[in-house]
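Heads up, the thing below is written out as C-alpha cells.
Being a predicted model, the structure only gives us computed values, none of them experimental. Protein chains get the first letters and strands the later ones, always in sequence-line order, with residue 1 at the start of each.
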Number of protein chains: 2
Amino acid sequence: MAKTVDAATMRQINKGYVTEIIYNQGPLSRMEISQVTGLNKATVSSLVDELIAEQFVQEIGLGASNGGRKPVMLKINASAGFCIGVDVQITHMKTILADLSGGIVYQHMRPIAAIHGLLSQSELEELLVEEIQRAIQQAPPSCHGILGAGIALPGIVNYRTGSVFYLPNIEIRDWNLTDSLSKSFSFPIFVDNDGNCGAWSIYRERHQQNLVFVNVGIGIGTGIVVNGHLYRGQDGIAGEFGHTSIAAMGAVCACGNYGCWEQYASEQALLRYLREVEEIPASLELSPNLVSLAVDKAATSPGYQRAFRTLGQYLGIGIANIVNSLNPGLVVIGGTMAQAAPLFLPEVQYVIRHRAMASNKQVCLTVANADAIVLGAAQLPISNTLLHSPLAES
Amino acid sequence: MAKTVDAATMRQINKGYVTEIIYNQGPLSRMEISQVTGLNKATVSSLVDELIAEQFVQEIGLGASNGGRKPVMLKINASAGFCIGVDVQITHMKTILADLSGGIVYQHMRPIAAIHGLLSQSELEELLVEEIQRAIQQAPPSCHGILGAGIALPGIVNYRTGSVFYLPNIEIRDWNLTDSLSKSFSFPIFVDNDGNCGAWSIYRERHQQNLVFVNVGIGIGTGIVVNGHLYRGQDGIAGEFGHTSIAAMGAVCACGNYGCWEQYASEQALLRYLREVEEIPASLELSPNLVSLAVDKAATSPGYQRAFRTLGQYLGIGIANIVNSLNPGLVVIGGTMAQAAPLFLPEVQYVIRHRAMASNKQVCLTVANADAIVLGAAQLPISNTLLHSPLAES
DNA sequence: GCGTCTTCGTTTGTATGTTAAACTATATGC
DNA sequence: GCATATAGTTTAACATACAAACGAAGACGC
C-alpha cells in the first residue's frame, strides 16, 4: 500500500533520486541533473550541497563549456564508504569489500569444510563473523567506514525479517541471521537469496526495469526484478523457477514436485547427460570445479559438447517459460554454469526463438560474470540506505 | 524509475491514499482516517473537504460515540459517476455500467456472430461503439457522468499505448483501439488483457498485494498483481503462463511452443478428457456453454467426473508452478471453467499440497465469480483517475 | 582586448503543503 | 450540571520546491 508523504519524505525521495542519477549517469553537472530529473535547478543545488556535505558526492572539476560558464561535474565519492558482500555456497564462501561504485578492493575465497551435511548453524555463523571481520580490517580509512554487509545464501530466506528457513546441508532451527550477526557488528546486515543478489547486481549495472537472473549451479535459482524492484513474493520466497515442472509426469525431485526444471538444466543434469554419452572419469562429480573440468574436456570431445547442447536445450525450455510468463526485458544466466556459456548459449537462443511467443522471441539474453552474486550482496546496503526512498517498498 | 515529488504531487498522493482508504475500509470518520494513514487530522480534514466538494465522498451521518463527540462517518459517493466495462470474448461480449463502488447498474450480453474467423477489426470496433453507447444511455444522472470505459480483450494488448496486437479470429493490423474509440467518446478509454482485468477486480476486492488470476476458458490466460500493481512486463504482454511448457516434449501448440499448460487444463483439454472416457454427444463442442453442459452431465456420469478430476490435476500442476515461481498470497481461478470448480477444486488443492514448496503449500486458492473480468475492466478508469497516484506506475 | 551573449549556479521571495497546538463543538458519565 | 473525553476546525509555524532575479565565468565576434 502506498505511503503518505510529508515535506521531509518529499525531500528524501528527491534526494535519493538525485543520488541515483549521479550514481548511474555521472559525472553530471547540477544543470544536467535538473534537466534529467525535472527538478528546479535551485532544488538540485540544495540537494547536491547536502550530498557533498555528507561526502557521498564530490566535485571533480569543470566540464567542457557549452557556450558559457563551464559546468562543475559531480560524481559519487566511491571511497566515502565501503560495503561487505558475502556469497555463501555449498562448497565455499567468497567475501568481498566493495567501494560505493561497486569496485572490489579486497576479496577472499574460503572453502567450506563440510560438503556433505556436516556444517552446523553456529559453525556457519562463526565463519561469517570471521570473514566479515577480516574484510573490515582491509577497509581503507574513509569518512563513513563500513556502511553495511549483505549476505547471499543459496536457500530460502526472508529478506524482510532476516531469517533463514532452509539451506542445503545445514539444519536450520529458527534462525534469524540478521539479528545474530548484528550482535557482532555495528553496521546493518542484510540477508538475501543468491538469485536475488545476482539479479540486483545486474539491475544496478544495466538499469533494466524487468529482468530475471537465472542462477545455474548444482540447482537452479532465479531472482526477479519487476519495475526496478526485487520481487520477493508474499513470504519472501519467490523465484523458485528451478522447481517449476517442465515434465508434469517426470521424476520426483527432492522438493516433492515432479520433473522440475533444475533436474534437466543444472550441474546434476549435466553430469547425467555426460554419463549418457560416454564413460566419464571418477573425478567428474558434483564439485566446485565440475563445470570447468567439463568445459576443458569439451574442447576435444564431441560427446561432451553434445551433453552441453542437451543442457542448453532444456535451459532454453525453462527460459522460454520465464519469458512467456513474465515478459522480462532481460534474462541473465549466472552461476557456475555461466563459464560454459559458449557451449550451450546458441542452443538456448535457438530454443527460445522457437518456443517463446511474439516479442519474447527477441528477449535480450546475456551471461553474468562470476562476481555478480557477491557484488549484488554488497550492493544491498547501498540500495537500502543511500538510495532507498521510503516509497520504494519492494 | 522513481519520479520526483513537489508539493502538488505530495497532495495528490495523499489524497489518492485517503480516497483509497475510504474506498476499501469505509465508512470511516476523519479521525479514523488520520489514525490509519498517519496523516495529521488537519490534513485529513482538508483533503476530505476537497473530496466532498468534488462529490466523490459524502457524509452519511454520525457514528457511535467513543466517549465524546460523535464522529461524522464518510463513505464513497457510489453514484457520483459511472464506469463502463466491456468483456470481449470469442463468442460474445458483455457490457456493464458500474457505479463507483463496483455495483452493476446495467448489463448487456451480446453474442458475436462470427465464431470462426469472420469478424473484422472494424466490425468489432463498431460493436464496441454500439454497446458502449447503449450503456451510456442507461446511466442515471450524476455529477460526474461517465468517468471512463475499460475494455477486456482475450489477446495481446499493450495497456500503455492502447494498441492491440493479437486477438483470436480477428486479423489485426496496426490497431490502436484506445485512439479509435476515443474519437467516439469524450471520456478516457482503457484497454487491457482479460486476465489482467480479472486480477485487478480481485485485487480491488481483497487488497491482496500479490496475486495471480488464472483465467481458464478455451485457453488459459493469467493476470499478475505484484506489490499492489498489475505486472505487465517489458512489452505489456506478461502473464502468458498458459503458454509455459509443462511437458517439454509434448505436442506442439498453436503458439509454437510444446506441451503448453493450456493444452492440458483448458476447455480444449476437458473436451479431450471427456472423449477419452466415453462417447460424448455432438452437442458438446467448443461453445459458450460447453462447461455448463458438462457440469450438468457430471451430476450423473462418473466418466464426466473423472474427466474434470484429470483437468483439476493438470490445473494443479500449472498452479504449483505459479506459486513456486511467484509465491503469490492468493491464486484465483476464473473464466468459464470456474463454474465447475466443485468438480475439480479438491484435485487442484491436493496437487498443490504435494507439488508446491514450503509455505506455498498453504497458498490461498479461491474461485472468482463470473463478472470478475468485466468488473475489473470497469475498474480501470477508477483506478487510473480517482485513485491514481503519479508515483504508482505499474 | 573589449563588449556582448550564453550558460552555470546561487540567492531571494513566494506558493503550497503538512504539522502542532489552540480552540470549538458535542457527546458521555457521575 | 459539571468534569472529561472525543471530533473536528482554525491558526500559526515550519519545511520544501519553484520562479525569477542575480552573480559568476567562459565563448565569441569585432
*So what does A:Ser46 hit on the nucleic acid, given a heavy-atom distance under 4.0 Å: a base, only sugar-phosphate, or nothing?*
nothing
*Counting any heavy atom closer than 4.0 Å, what does B:Val44 reach on the DNA or RNA strands: base, sugar-phosphate only, or nothing?*
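No contact.
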*Measure the spacing between CG of B:Asn327 and CG of A:Asp235 and express it to the nearest 0.5 Å.*
4.5 Å
*Interatomic spacing from CD1 in B:Ile22 to OH in B:Tyr17 - rounded to 0.5 Å*: 12.5 Å
*Does a donor on one side chain sit under 3.5 Å from an acceptor on the other, for B:Thr9 and B:Asp6?*
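The answer is yes; a qualifying pair exists.
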[X] has an atom [atom1]; how far is it from atom [atom2] of [N], in whole Å?
X: B:Ile52; N: D:dG8; atom1: CD1; atom2: P; value: 10 Å
X: B:Met31; N: D:dT9; atom1: CE; atom2: C1'; value: 12 Å
X: B:Glu50; N: C:dT16; atom1: CD; atom2: C1'; value: 12 Å
X: A:Asp49; N: D:dA17; atom1: CG; atom2: C1'; value: 15 Å
X: B:Glu59; N: D:dG8; atom1: CD; atom2: C1'; value: 10 Å
X: B:Leu28; N: D:dG8; atom1: CG; atom2: P; value: 11 Å
X: B:Arg30; N: D:dT10; atom1: CZ; atom2: P; value: 11 Å
X: B:Lys3; N: D:dA17; atom1: NZ; atom2: C1'; value: 15 Å

*Should B:Asn193 and B:Val157 count as side-chain neighbours, where that means a heavy-atom distance under 4.5 Å?*
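Yes; the side chains approach each other to less than 4.5 Å.
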*Taking C-beta and beyond as the side chain, do B:Met73 and B:Glu59 meet within less than 4.5 Å on heavy atoms?*
no
*Quick one: which of D:dT9, D:dG8, C:dG17 gets closest to the side chain of B:Ser45?*
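That would be D:dT9.
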*Okay, side chain of A:Asn77, backbone of A:Gln55: is any donor-acceptor separation there less than 3.5 Å?*
yes
_Run the ring-ring contact (aromatic ring centres under 6.0 Å, His included) test against A:Tyr106 and tell me which residues pass, sequence neighbours left out._
none
*Base, backbone or nothing for each nucleotide of nucleotides 19-30 of chain C, written B, S, -, heavy atoms under 4.0 angstrom, 5' to 3'?*
BB----BBBS--
*Please state whether the phosphate of D:dA17, meaning OP1 or OP2, lies under 4.0 angstrom from any side-chain nitrogen or oxygen of A:Arg11.*
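For D:dA17, OP1/OP2 do have a side-chain N/O of A:Arg11 under 4.0 Å.
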